[in-house]
Every structure is written in C-alpha cells, then in structure tokens.
Amino acid sequence: MMKEPRREQILSLLKKHKQMENIHLQKKLFCSLSTLRRELLLLEKEGLIRRYRGGVVLEVEKNHIISTRYRENVMILEKEHIAEIASTFIGPGMSLFIDSSSTAKALIPHLAKLSNGVIITNGLKIAYELLHVCQQDTKIYMIGGEAIKDSESVVGDYGNSFLELFHIDLCILSSTGIDLKGIYEANFAQALFKKKVMRLAEQSLLLVDYTKFGKKHAYKFSDWSSFESVITNLEPSTEYLLLAKKLGFEFLY
C-alpha cells in the first residue's frame with residue numbers, strides 16, 4: 001500500500017495545480033521516478049488521477065465539464081497527432097462543423113490552409129483564432145445561443161435553427177467519454193446540440209484520445225454506427241476493434 005503522507009501530498013499538489021509533469025512532481029516529493037510511477041499507478045487504478053505521457057492530471061468528477069484552458073494544456077502531442085489524421089478528411093470547398101473541444105482546436109493549423117471553405121463552430125475561442133489564420137475566401141460562422149463558460153462554447157435553440165441554413169459536408173466532434181455502448185457528453189445541452197449537428201451532416205468524424213475510452217457520462221448523444229471513422233492516438237483494445245468490424249466503422253490511430 002502507498003504511504004498515506006505521500007498519497008496525500010500527491011493529491012494535494014494536483015488539487016492545487018490540476019496538472020503536473022512527472023519531473024516536477026518527483027522533485028516536490030523527493031522520490032525516484034520509479035517510485036513515483038508506482039504510486040501514480042495505484043492512484044490511477046482508484047480513479048483519482050489520470051496519467052499521460054510525461055505527466056499526470058487530477059481526475060474530475062463524473063458529468064463535470066472540464067474547463068477549456070485546462071484541457072488545452074494536457075495531451076498536447078496526442079491531440080496534434082489526432083488532428084493530423086483528421087486533416088486528411090478536409091479538402092477545398094468543403095463545409096465543415098467543428099465543435100468547441102480542445103482536440104478539435106488542434107485542427108486550426110490545418111484549417112488555416114483550407115481554401116474556399118465554410119467553417120461553422122460553437123467554440124468561442126476557436127472562431128476567434130480561425131478569423132486570424134484562415135484564407136480570405138474561407139467563411140467563418142459562429143453559432144448563436146447560450147454561452148457556457150467552462151467549455152467556452154455556445155449551445156441552444158438559436159444555434160439549432162441557424163444550423164439548418166447550412167449543408168454540412170463533415171462534422172468533426174469530440175466527447176467527454178466513450179464505452180462499448182456509445183458516445184457521451186458531460187453536459188445535456190452539449191449532447192443535444194451535437195446530436196442535431198450529426199443529423200444535418202453528410203459525414204461525422206469522432207476525435208478521442210485514449211483517456212476517453214471506458215468513460216461513461218449521463219448524456220449519450222450517439223451510437224457508434226453514426227460515425228464512419230473514429231480517430232484516436234493509440235490502438236484500441238480488441239473489444240473496440242471487434243465492435244468497429246461488426247458495425248462497419250474504422251479506427252484510425
């Protein structure tokens with residue numbers, strides 16, 4: 001068993017900083033990297049933290065929205081890898097919807113190259129950044145509705161009506177969790193909104209890093225069969241690969 005003082009130290013540091021690199025955590029605890037790794041494994045098994053390459057984050061409560069600023073600073077390389085694969089689905093003249101997720105935000109450098117396109121988003125920061133980098137002949141549209149602080153996004157009935165004015169070639173979404181039964185969101189309004197966008201789009205693309213697997217939330221917005229492709233950063237477990245084969249979608253990683 002992990003010694004309580006060190007366990008409490010780790011959790012106390014993460015409650016304060018939310019995210020820490022392993023090397024900084026090691027220095028704070030005055031322990032070896034191998035000792036730290038073993039103790040983080042125990043905490044992860046209890047569902048109290050989540051490890052990523054080179055660091056660790058405090059696990060949030062189920063059905064709780066994680067702030068965008070926090071999400072933007074974790075799993076950066078993994079999100080860039082996912083975005084690079086997703087960019088191969090995007091071509092000139094396309095009409096796209098991208099959600100407010102930090103994973104979708106990693107697509108911005110690729111969207112900057114899009115010519116004669118239409119990009120619709122409900123992400124406040126994403127819309128602002130796209131305005132500064134996109135080609136002059138690409139139009140940026142922002143959904144109207146209720147602004148949600150933590151996710152820096154906009155949802156609601158106004159946005160739903162506005163979306164019906166567009167033909168959407170490709171809808172690019174992330175989620176707060178997935179399991180073998182479906183795709184989930186931590187916020188009811190976000191779940192309803194994403195369900196609406198998917199219904200209007202010709203094709204839907206799901207972007208999820210490996211930490212989203214096995215995470216169930218209260219609001220299920222889609223079944224697996226609604227996506228043609230799911231992009232992640234590591235090969236999923238056999239049960240997910242078998243599910244993809246059965247339902248006719250593909251995992252790309």
Side-chain angles (χ1 to χ4, degrees), residues 63 65 68 82-83 85-91 93-107 111 114 117-124 126-127 130 138-148 151-208 212-213 215-232 240 243-252:
N63 303 326
I65 300 176
T68 301
I82 291 169
I85 298 174
S87 70
T88 63
F89 287 77
I90 299 170
M94 289 182 69
S95 176
L96 310 171
F97 174 86
I98 65 169
D99 71 6
S100 59
S101 66
S102 58
T103 308
K105 187 174 182 289
L107 268 169
L111 294 172
L114 178 65
V118 170
I119 303 174
I120 311 149
T121 184
N122 68 324
L124 295 166
I126 288 176
L130 286 172
T138 289
K139 304 291 185 182
I140 312 299
Y141 292 92
M142 181 75 207
I143 299 297
E146 178 190 359
I148 301 176
S151 61
E152 296 184 0
S153 63
V154 177
V155 295
D157 292 337
Y158 291 109
N160 290 341
S161 302
F162 181 70
L163 278 171
E164 293 176 355
L165 299 173
F166 294 90
H167 170 82
I168 301 172
D169 294 309
L170 180 63
C171 167
I172 302 174
L173 303 171
S174 187
S175 77
T176 53
I178 60 177
D179 67 8
L180 293 170
K181 294 181 180 179
I183 322 299
Y184 302 92
E185 264 300 326
N187 177 274
F188 182 63
Q190 288 277 16
L192 281 179
F193 183 75
K194 290 184 178 184
K195 197 174 187 72
K196 171 77 171 184
V197 179
M198 290 180 66
R199 192 161 61 243
L200 294 173
E202 290 287 333
Q203 182 181 9
S204 295
L205 195 61
L206 180 65
L207 315 182
V208 284
K212 304 295 178 64
F213 285 77
K215 297 286 180 67
K216 183 186 292 186
H217 291 270
Y219 312 110
K220 179 181 172 183
F221 71 88
S222 178
D223 295 314
W224 286 101
S225 56
S226 298
F227 291 95
E228 289 80 4
S229 301
V230 178
I231 303 176
T232 185
Y240 283 98
L243 179 69
K245 186 176 181 179
K246 178 182 177 181
L247 297 179
F249 67 92
E250 62 177 348
F251 278 107
L252 302 173

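From a predicted model like this one, the values you see are computed outputs, not experimental measurements. Residue indices begin at 1 and follow the sequence shown.
- When all heavy atoms of V154 and G144 are compared, the pair lying nearest together is CG1-C, 3.4 Å.
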Start with the C-alpha gap between L200 and F97, add the side-chain angles, then the distance that decides, and say whether side-chain contact (heavy atoms from CB on, under 4.5 Å) holds.
CA-CA 10 Å; L200 294 173; F97 174 86; over 6 Å; no
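- Every ring pair (Phe, Tyr, Trp, His ring centres under 6.0 Å) that F166 has, sequence neighbours left out, goes to Y141, F162.
- Y184 OH to K220 NZ: the interatomic distance, rounded to the nearest 0.5 Å, is 5.5 Å.
- Ionic pairing of K194 and D99 is present here: one or more N-O contacts between side-chain nitrogen and carboxylate oxygen are shorter than 4.0 angstrom.
- Residues V118 and L96 form no side-chain contact, since every pair of their non-hydrogen atoms from C-beta on lies 4.5 Å or further apart.
- For the pair F227 and S222, the tightest heavy-atom approach, listed with the atom from each and the gap, is CE1-OG, 3.4 Å.
- Scanning both residues, F221 and S175, for their nearest heavy atoms gives CE2-CB, 3.9 Å.
- Counting all heavy atoms, side chain and backbone alike, E185 lies closest to H217 at O-CB, 3.4 Å.
- Proximity of V208 to I231: side-chain heavy atoms (C-beta onward) are nowhere separated by under 4.5 Å.
- The side-chain contact (heavy atoms from CB on, under 4.5 Å) test with Q190 singles out one residue from L173, V155, T176, and that residue is V155.
- Atoms CG and NZ, from L243 and K246 in turn, are 7.5 Å apart once rounded to the nearest 0.5 Å.
- Interatomic distance, S226 OG to L247 CG, rounded to the nearest 0.5 Å: 10.0 Å.
- A distance of 10.0 Å separates CZ in F89 from CE in M94, rounded to the nearest 0.5 Å.
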Given L124 and M142, is the side-chain contact (heavy atoms from CB on, under 4.5 Å) satisfied, shown in steps?
CA-CA 8 Å; L124 295 166; M142 181 75 207; 3.6 Å; yes
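- Using a 4.0 Å cut-off between a side-chain N of Lys or Arg and a carboxylate O of Asp or Glu, E164 and K196 qualify as a salt bridge.
- Scanning all heavy atoms of the two residues, the minimum distance from S101 to I126 falls at O-CD1, 3.9 Å.
- Annotation: ring pair (Phe, Tyr, Trp, His ring centres under 6.0 Å) contacts of F251 (sequence neighbours excluded): W224, F249.
- In this structure, F213 has its ring center closer than 6.0 angstrom to the ring center of Y240.
- For the residue pair T121 and I98, the shortest heavy atom distance occurs at OG1-O, 2.9 Å.
- Without hydrogens or angle criteria, E228 side chain to S204 main chain gives a donor-acceptor distance under 3.5 Å.
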Would you sort out whether S174 and K212 count as a side-chain contact (heavy atoms from CB on, under 4.5 Å), showing the intermediate values?
CA-CA 10 Å; S174 187; K212 304 295 178 64; 3.8 Å; yes
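- T138 places a side-chain heavy atom less than 4.5 Å from the side chain of I140.
- Note that CD1 of I172 is 11.0 Å distant from OG of S229, once rounded to the nearest 0.5 Å.
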Let's go through D223 and I183 carefully: what are the C-alpha distance in whole Å and the side-chain angles of both, what is the deciding distance for side-chain contact (heavy atoms from CB on, under 4.5 Å) to 0.1 Å, and is it a yes or a no?
CA-CA 6 Å; D223 295 314; I183 322 299; over 6 Å; no
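- Residues F188 and F193 place their aromatic rings such that the two centres sit no closer than 6.0 Å.
- Summarising the geometry, atom CD1 belonging to I82 is positioned 10.0 Å from atom CG belonging to L107; distances are rounded to the nearest 0.5 Å.
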